[in-house]
Structure formats: C-alpha cells, structure tokens
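Below is one structure; the comments refer to it alone.
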Amino acid sequence: MNFSLLIKPASADCNLRCEYCFYLDHCNMYPETKVHRMSDQVLERMIESYYATPQPLYSFVWQGGEPLLMGESFYQSVTDMQMAYGRPGVDVCNSIQTNATLITDRYARMFKACNFLTGVSLDGPAELHDKARLDAGGKGSHAQVINGIDTLRRNQAEFNILTLVSKYNIKHPVEIYDYLVNDIDAKFLQFIECVELDEKGNLPPYCISAGEWGEFLCTIFDRWYKSDTRDISVRLFDTVIAKMVTGQDICCTSGRDCRQYFVVEYNGDVYPCDFHVLPELKLGNIMTHSWEEMAESQIYKDFGARKSNVHDDCKVCPYFKFCAGDCPKNRVGHISGDASQLSYICEGLKMFYQHTLPKFEELAKIVIKERENTRRSSKMREF
C-alpha cells in the first residue's frame with residue numbers, strides 16, 4: 001500500500017487564533033497536557049517504521065496547529081533520522097504547512113538546504129487576511145506572515161501559498177489573485193473552500209455558499225487563463241488537466257478512495273484524515289501498531305469506502321470523473337452520517353466545470369502534444 005504521512009507534531013497547538021480554524025479544539029482530545037509536542041521516541045519510531053514499508057516516494061507533510069512551534073532543532077532531528085534510516089536511492093519529500101509568523105533565517109536556511117517545500121497560509125492582502133487570521137491578542141497577522149515570506153525569499157527557500165476562501169474574502173477573487181501573483185510573486189497557489197458542516201448539516205457564519213464558491217472559481221480561472229496558464233500553478237486547475245492528460249488523480253478530493261495518507265498526532269495516534277480526527281476513527285498508535293495493521297483495519301476500510309458511496313445524481317453527472325462526488329466532509333457533517341448525499345458545494349462545482357472544461361480540454365491537448373514532441377526528440381537523440 002502506498003501512503004503519505006500527514007503529521008501533527010504539535011497537535012492543535014498554535015500561536016494564532018484564526019476564527020475559522022477547524023483543528024484548534026482538537027486540543028481537548030489530549031487534556032493530559034496543555035502543551036503538545038512530539039517526542040524523539042515517537043518521531044524515530046514513525047520514521048523508522050515508515051521507511052520499513054515499500055514506497056515509491058516517502059512523503060512527510062508537517063502540519064498543525066502550527067508545526068513551527070516544535071523549534072528548529074526538531075526538524076534537524078527529522079532530517080538526521082531520515083538520513084539514518086533511509087536507503088540509497090530512496091525518494092523523500094518533506095513539506096510543511098505554516099502560518100509563517102515564526103519563520104526565522106535559520107528555519108529558512110534549513111528548509112532550503114534540506115529541500116523542504118513550505119506552504120504559507122495567506123488569505124490575500126492585509127484588509128482581507130486580517131479579518132479572520134488573528135493572533136492570540138486579537139490582532140491581524142498579515143504583517144508577520146509577510147515577514148516570514150520575505151525571510152523565505154531572502155534565503156531562496158521555495159514556498160507556495162494556500163488561501164482559505166471564507167465569507168471574509170469570497171467577494172474579492174481578482175484582488176486576491178493579483179495580490180498573490182504580482183505582489184507576493186507566488187507561482188503555486190491553492191484555494192480551499194471554507195465549508196464546515198456540523199452533525200445536522202448546518203454551517204458557521206464564516207462559511208461560504210455553493211454559488212459563491214462557483215463564482216469565485218470561475219473568476220479565478222478567467223484571470224488565470226487570460227495570461228498565466230504557463231507561469232502560475234493553481235492546484236485545482238492542475239488536477240483537472242492531469243486527469244485529462246494522464247487519467248490520474250493527483251488530489252485526494254478527486255480520487256475514488258480516501259485511503260491515501262495517515263494522520264499522525266503528536267503522541268503517535270493515527271487517524272485516516274485530518275478532517276476526521278475523531279476518537280471513533282482512531283486506527284492505532286505507531287508505538288504499538290504497524291502500518292500494515294492499521295491499513296487493514298475495518299475502520300480504515302470502511303472510511304475509504306465512504307468516498308465511492310455517492311448520490312444517484314453523481315452517477316450520471318458529466319463532471320463526476322473530475323470531482324468524484326467531492327470530499328465526504330462536504331457531503332455530511334459527521335462520520336456516522338450518510339455519505340451518499342450531494343456535496344454542499346455541488347452546484348458551485350458544476351458552475352465551475354461547465355464554465356471551464358472546454359478551455360481545459362484545449363490546454364490538455366497542448367500538454368499532450370508537447371509531451372509527444374519531447375518523446376520524439378528523446379528518441380532522435382538516442383540515435
């Protein structure tokens with residue numbers, strides 16, 4: 001089984017108090033301590049056991065909470081242990097998702113030297129970002145984030161941008177896009193919809209509607225298609241083109257099975273998805289269970305099967321091959337709910353695909369032709 005690790009080394013601990021954070025209350029799952037930090041023993045066991053499984057790529061994704069709370073020495077230990085347990089020729093990828101407020105020159109130099117990809121959470125210019133991404137004192141964090149980005153850039157450390165699209169910025173797609181591309185000079189963008197259903201299917205006031213999401217994506221696409229198709233990577237757009245060109249799903253939301261990674265909490269507890277870190281979905285602990293045991297557990301199998309349990313409308317929808325019914329978290333608010341419901345943002349996704357697919361098909365044809373030309377050139381060089 002191929003899988004990635006999504007690791008929460010500081011659990012839900014964070015130096016910010018973003019209004020829409022879905023993970024902050026997970027600290028209540030571990031009340032035995034107020035400060036949650038992964039120990040060297042758990043770290044070593046995780047790396048050693050992961051390397052003992054056959055993987056084409058060993059992917060470590062460090063998230064939170066805020067993973068930089070661990071301190072610089074922790075990530076030095078990460079790379080030291082990866083080198084100690086890695087085998088010659090093994091491909092390893094480290095990425096870290098951070099609010100960037102704690103990035104230092106030392107962090108940036110380390111990330112550059114060790115080929116870490118840094119994902120920075122940034123919701124647009126200050127007047128939009130600071131509406132929800134607040135520090136513990138209730139002040140906006142934009143200036144600190146920009147300082148972190150400047151530090152990464154000064155040290156030539158690669159970074160991309162993740163933007164959460166909520167009620168606070170949904171009406172400003174062009175402003176956000178132009179700011180990230182022109183002012184931040186970001187080349188890799190990811191836009192995530194703010195949708196958080198409770199057990200009854202209700203949403204908090206900061207969440208967006210399906211129609212708003214569709215309009216946002218269409219506007220972003222038009223702005224991107226106008227001049228940036230060769231220069232700017234947008235994760236959703238890449239996913240669509242990859243599906244057309246290779247038939248592969250490069251994003252879990254477009255896949256047919258949710259079993260693509262394991263979430264590892266600070267103490268070694270393992271869950272199937274960071275949106276479903278729930279006591280009833282605990283698969284085991286890396287100190288006492290093998291990856292094989294957890295992968296074969298009935299809980300994990302049942303969780304993975306939920307993705308393909310789709311609404312009847314999805315089975316005849318022309319866009320199903322691209323969205324796969326969307327993430328189950330957007331279909332139902334709790335693991336015990338019926339995942340065969342339509343996604344809350346279904347109409348928005350339909351709006352997006354209807355608007356964009358003809359142009360995506362044109363782009364896919366160009367990519368296919370370029371690949372064919374490259375293969376021909378390679379064969380000619382062989383002779």
Side-chain angles (χ1 to χ4, degrees), residues 4 59 61 95 117 119 160-165 170 173-174 176-178 180-181 186-195 208-258 260-261 275 307-308 310-311 313-331 342-374:
S4 302
S59 176
V61 183
S95 58
L117 172 61
N160 58 24
I161 298 293
L162 185 150
T163 298
L164 188 71
V165 183
I170 187 72
V174 173
I176 292 171
Y177 184 89
D178 287 348
L180 297 179
V181 172
K187 303 300 183 184
F188 300 89
L189 309 178
Q190 184 175 5
F191 299 99
I192 303 294
E193 75 280 1
C194 186
V195 173
I208 60 175
S209 70
E212 288 175 325
W213 182 233
E215 291 176 5
F216 182 92
L217 290 178
C218 289
T219 304
I220 290 288
F221 176 86
D222 289 343
R223 179 65 185 83
W224 171 80
Y225 188 80
K226 182 179 179 181
S227 58
D228 293 334
T229 59
R230 312 296 291 187
D231 302 314
I232 305 300
S233 169
V234 179
R235 180 69 181 278
L236 175 58
F237 303 168
D238 292 347
T239 300
V240 175
I241 294 175
K243 185 69 174 180
M244 290 180 171
V245 173
T246 68
Q248 295 181 335
D249 301 308
I250 63 173
C251 181
C252 63
T253 55
S254 64
R256 303 302 191 267
D257 192 312
C258 288
Q260 298 186 20
Y261 61 83
F275 289 111
K307 190 62 160 58
S308 59
V310 297
H311 193 277
D313 289 356
C314 295
K315 299 173 183 178
V316 296
C317 178
Y319 310 127
F320 177 74
K321 64 180 178 180
F322 297 106
C323 77
D326 196 25
C327 178
K329 83 171 182 67
N330 290 341
R331 303 184 205 166
L342 287 173
S343 167
Y344 171 78
I345 57 172
C346 175
E347 291 304 316
L349 293 175
K350 286 181 177 179
M351 184 189 309
F352 167 70
Y353 289 122
Q354 183 178 27
H355 179 72
T356 62
L357 282 186
K359 293 178 180 177
F360 273 130
E361 289 169 354
E362 293 175 4
L363 293 172
K365 290 178 182 178
I366 294 173
V367 173
I368 292 171
K369 185 175 181 179
E370 289 177 346
R371 290 188 174 191
E372 291 175 348
N373 291 338
T374 300

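These numbers were taken from a predicted model, which means no experiment stands behind them.
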| Does any non-hydrogen side-chain atom of L357 lie less than 4.5 Å from one of F322? | yes
| Any donor-acceptor pair under 3.5 Å from K307 side chain to G325 backbone | no
| What pair of heavy atoms forms the shortest contact from R256 to A324, and how long is it? | NH1-CB, 3.4 Å
| query | Between CD1 of I170 and CG of L164, what distance do you get to the nearest 0.5 Å? | reply | 10.0 Å
| message | For residues 347-356, which residue pairs pass the side-chain hydrogen bond (donor to acceptor under 3.5 Å, both in side chains) check, not counting sequence neighbours? | response | D222-H355
| side-chain hydrogen bond (donor to acceptor under 3.5 Å, both in side chains) between Y225 and E362, worked out | CA-CA 11 Å; Y225 188 80; E362 293 175 4; 3.0 Å; yes
| note | Rounding to 0.5 Å, atoms CD1 (I220) and CZ (F191) come to a distance of 4.0 Å
| Heavy-atom count around R371 CZ within 6.0 Å, excluding the residue itself: above 12? | no
| G255 to D249 - nearest heavy-atom pair and separation | CA-OD2, 3.8 Å
| What residues, two or more places apart in sequence or in another chain, satisfy ring pair (Phe, Tyr, Trp, His ring centres under 6.0 Å) together with F360? | F221, F237
Distance-only check: which donor-acceptor pairs under 3.5 Å involve side-chain atoms of residues 228-236, not counting sequence neighbours?
unit_1	atom_1	unit_2	atom_2	d
D228	OD2	Y177	OH	2.7
R230	NH1	E370	OE2	3.4
R230	NH2	E370	OE1	3.3
R230	NH2	E370	OE2	2.7
S233	OG	D238	OD2	2.3
R235	NH2	I250	O	3.2

| query | Should we count NZ of K359 as having more than 12 external heavy atoms under 6.0 Å? | reply | yes
| task | Considering non-hydrogen atoms only, spot the tightest contact between S254 and T239 and give its length. | result | OG-CG2, 3.6 Å
